[in-house]
Amino acid sequence: MAVQSVESSTASPASDASGAFGPAIALSCRECGERFELGPIFACEVCFGPLEVAYELPAGDPEELRRRIEAGPNSIWRYAPLLPVPADVADLPSLHPGFTQLVKADNLARELGVTGELHIKDDSGNPTHSFKDRVVAIAVQAARTFGFTTLSCSSTGNLAGAVGAAAARAGFRSCVFIPHDLEAGKVVMAAVYGGELVGIEGTYDDVNRFCSELIGDPVGEGWGFVNVNLRPYYGEGSKTLAYEICEQLGWRLPDQIVIPIASGSQLTKIDKGLKELIAIGLVEDKPYKIFGAQAEGCSPVSAAFKAGHDVVRPQKPQTIAKSLAIGNPADGPYVLDIARRTGGAVEDVNDEQIVDAIKLLARTEGIFAETAGGVTVGVTKKLIEDGLLDPSLTTVVLNTGDGLKTLDAVAPTTGPSAIIRPTLESFREAGLA
């Protein structure tokens, strides 16, 4: 198919920067397959479908590529040969996110009745303590190539902090937009990096609509919205979770993986990453199942899956899991396709179950997850109880952020075991001896 031009764009096309996108060769429509030149565009001009990055992936000896990756930096940049970034990306200013721990969760496994391997992919270890550092890092490289001067986003909290921090490190101005009623920890973390933080009265979907309008206005000239006009590149950052999980498992695919759903992009890109590793021979091809996890108070994809629908009906979010509170998830239909194709499922848990799961993970593995992690652990427990997830297989559960960002969720039911006088007698009286 012919590659289309991006002359209507407000920034320079990729053709002005040879090698800036590594193995990436075009943007491809996920609906009709039409291809476009690499540029700051996100929707197909033919059918208005979403665009994603298409590659000419490395050919040759998989063992040589594996050795090259293993010799790389302990960050997502070890996978530069598979990403839309320049070969020298590790030498450019960035937060160098990624290569977070894959924790073998034997204590949690016993609690849940898992007899196979259970792992937690703990992305709270990223620079701003969420997986969003991965996606922003890729978007920043695209913004640099396209000549943008301001980084922006619509965010439920974690992305705002990741953009603010990455912009500060890379020398961009930042201006990010959030719903006005986010958790205090996320607001402070987004604001501390010195960029502009703007609260919008309304839900995340209202914030996202506003940002789409801003892109079309002259005031948005030179702005790179990481999850709008840079979205095709931004989404590719989530593939690195798939790469790391497989490498950390000894270059093998997990049998099952449980992933939180907000927009759904993370889940779809993890699936894309797994398929790429199979295609280039870095892992053995075998079946795997992908499970999506939502909060009951914002579960449009789960509802569609259970009803057997292909269309996701928007919902008004009402849940403590605010990082997942996207009522009209852009990648919802693609999530349904992947869950069904792989033999997985999409499930949800209520707020009480989310809090219980946060405490369970903390008590068994010493990992304090934010509410999204409570959703994945809670859904994993529910899937096992319902017989949908096989406890004898190798399973990976994602924790995408740090519980210190969502203290309000657990604070009402978490505190000191006792308050005593500074004496042994008082300690004994409290029943602690």
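Any value given below was found using the heavy atoms of this structure, including those in side chains, with hydrogens, waters and symmetry copies removed. The structure displayed is predicted, hence computed values, not measured ones.
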Between [atom1] of [X] and [atom2] of [Y], what distance do you get to the nearest 0.5 Å?
{"X": "I138", "Y": "S94", "atom1": "CD1", "atom2": "OG", "value": "9.0 Å"}
{"X": "F291", "Y": "L389", "atom1": "CZ", "atom2": "CG", "value": "4.5 Å"}
{"X": "D88", "Y": "L92", "atom1": "CG", "atom2": "CG", "value": "5.0 Å"}
{"X": "D133", "Y": "T240", "atom1": "CG", "atom2": "OG1", "value": "10.5 Å"}
{"X": "D205", "Y": "N328", "atom1": "CG", "atom2": "CG", "value": "5.5 Å"}
{"X": "I320", "Y": "T406", "atom1": "CD1", "atom2": "OG1", "value": "8.0 Å"}

Measure from the side-chain N and O atoms of [X] to the backbone N and O of [Y], and report whether any donor-acceptor pair falls under 3.5 Å.
{"X": "Q315", "Y": "G297", "value": "no"}
{"X": "D390", "Y": "S392", "value": "yes"}
{"X": "D61", "Y": "E63", "value": "yes"}
{"X": "T380", "Y": "T376", "value": "yes"}
{"X": "H129", "Y": "S124", "value": "yes"}
{"X": "K359", "Y": "T413", "value": "yes"}
{"X": "R252", "Y": "L249", "value": "yes"}

How close do [X] and [Y] get, counting heavy atoms only, and between which atoms?
{"X": "V379", "Y": "V349", "result": "N-CG1, 3.8 Å"}
{"X": "P58", "Y": "P81", "result": "CG-O, 3.6 Å"}
{"X": "V375", "Y": "A321", "result": "CG2-CB, 4.0 Å"}
{"X": "V114", "Y": "P391", "result": "CG1-O, 3.3 Å"}
{"X": "C246", "Y": "P254", "result": "SG-CD, 4.2 Å"}
{"X": "L182", "Y": "T156", "result": "CD2-O, 3.2 Å"}

CA sep, side-chain torsions, deciding dist, call: H119, T394, side chain to side chain contact (heavy atoms under 4.5 Å, CB included): CA-CA 8 Å; H119 300 264; T394 298; 4.2 Å; yes
Report, as yes or no, whether the 6.0 Å neighbourhood of atom [atom1] on [X] holds more than 12 heavy atoms from other residues, nucleotides or ligands.
{"X": "K272", "atom1": "NZ", "answer": "yes"}
{"X": "E352", "atom1": "CD", "answer": "no"}
{"X": "R363", "atom1": "CZ", "answer": "yes"}
{"X": "E64", "atom1": "CD", "answer": "no"}
{"X": "L432", "atom1": "CG", "answer": "yes"}
{"X": "K104", "atom1": "NZ", "answer": "yes"}
{"X": "R68", "atom1": "CZ", "answer": "no"}

Assess the residue pair E236 and Y55 against the criterion (side chain to side chain donor-acceptor pair (under 3.5 Å)); give the C-alpha distance rounded to whole Å, side-chain angles, the decisive distance to 0.1 Å, and a yes or no. CA-CA 11 Å; E236 296 298 286; Y55 297 91; 2.5 Å; yes
Could you please spell out the steps behind the salt bridge (charged side-chain N to carboxylate O under 4.0 Å, His left out) verdict for R209 and D206? CA-CA 5 Å; R209 280 192 294 271; D206 296 318; 2.3 Å; yes
Mind checking whether [X] and [Y] have side chains closer than 4.5 Å, heavy atoms only?
{"X": "L404", "Y": "F368", "answer": "yes"}
{"X": "L393", "Y": "K289", "answer": "no"}
{"X": "V135", "Y": "V226", "answer": "no"}
{"X": "V228", "Y": "N208", "answer": "yes"}

Please lay out, stage by stage, how E347 and K306 fare under the test salt bridge (charged side-chain N to carboxylate O under 4.0 Å, His left out). CA-CA 8 Å; E347 187 53 271; K306 293 175 183 178; 2.6 Å; yes
Can [X] and [Y] be counted as having a side-chain donor-acceptor contact under 3.5 angstrom?
{"X": "Q256", "Y": "T395", "result": "yes"}
{"X": "K132", "Y": "Y234", "result": "yes"}
{"X": "W77", "Y": "Q141", "result": "no"}
{"X": "T319", "Y": "D351", "result": "yes"}
{"X": "T342", "Y": "Y288", "result": "no"}
{"X": "S323", "Y": "K405", "result": "no"}
{"X": "T268", "Y": "D271", "result": "no"}
{"X": "E244", "Y": "Y79", "result": "no"}

Checking side chain to side chain donor-acceptor pair (under 3.5 Å) between D123 and each of T100, N399, N158, which is the one that passes? T100
Looking at [Y] and [X], is there a salt bridge between them, counting it only when a charged N and a carboxylate O are closer than 4.0 Å?
{"X": "E196", "Y": "R173", "value": "yes"}
{"X": "K381", "Y": "E385", "value": "yes"}
{"X": "D331", "Y": "R30", "value": "yes"}
{"X": "R428", "Y": "E425", "value": "no"}

Could you walk me through whether K121 and F131 satisfy the side chain to side chain contact (heavy atoms under 4.5 Å, CB included) test, starting with their C-alpha distance in whole Å, then the side-chain angles of each, then the deciding distance to 0.1 Å, before giving a yes or no? CA-CA 10 Å; K121 180 57 173 170; F131 91 95; over 6 Å; no
Would V207 and I178 count as a side chain to side chain contact (heavy atoms under 4.5 Å, CB included) here? Give the steps. CA-CA 6 Å; V207 178; I178 59 173; 5.9 Å; no
Between F225 and F146, does the ring centre distance come in under 6.0 Å?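 Judged by ring-centre distance (under 6.0 Å), F225 and F146 do not meet the cut-off.
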Step by step, would you call D408 with K186 a salt bridge (charged side-chain N to carboxylate O under 4.0 Å, His left out)? CA-CA 11 Å; D408 290 352; K186 290 181 180 177; over 6 Å; no
Could you walk me through whether R421 and E429 pass side chain to side chain contact (heavy atoms under 4.5 Å, CB included), step by step? CA-CA 10 Å; R421 300 184 303 279; E429 288 174 351; 3.5 Å; yes
Do K239 and E276 pass the salt bridge (charged side-chain N to carboxylate O under 4.0 Å, His left out) test, and can you show the C-alpha distance, the side-chain angles, and the key distance before you say yes or no? CA-CA 9 Å; K239 295 194 310 181; E276 288 176 349; 2.9 Å; yes
Among I261, I290, V312, find the one that has a side-chain contact (heavy atoms from CB on, under 4.5 Å) with V335.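 Per the side-chain contact (heavy atoms from CB on, under 4.5 Å) rule, the option paired with V335 is I261, out of I261, I290, V312.
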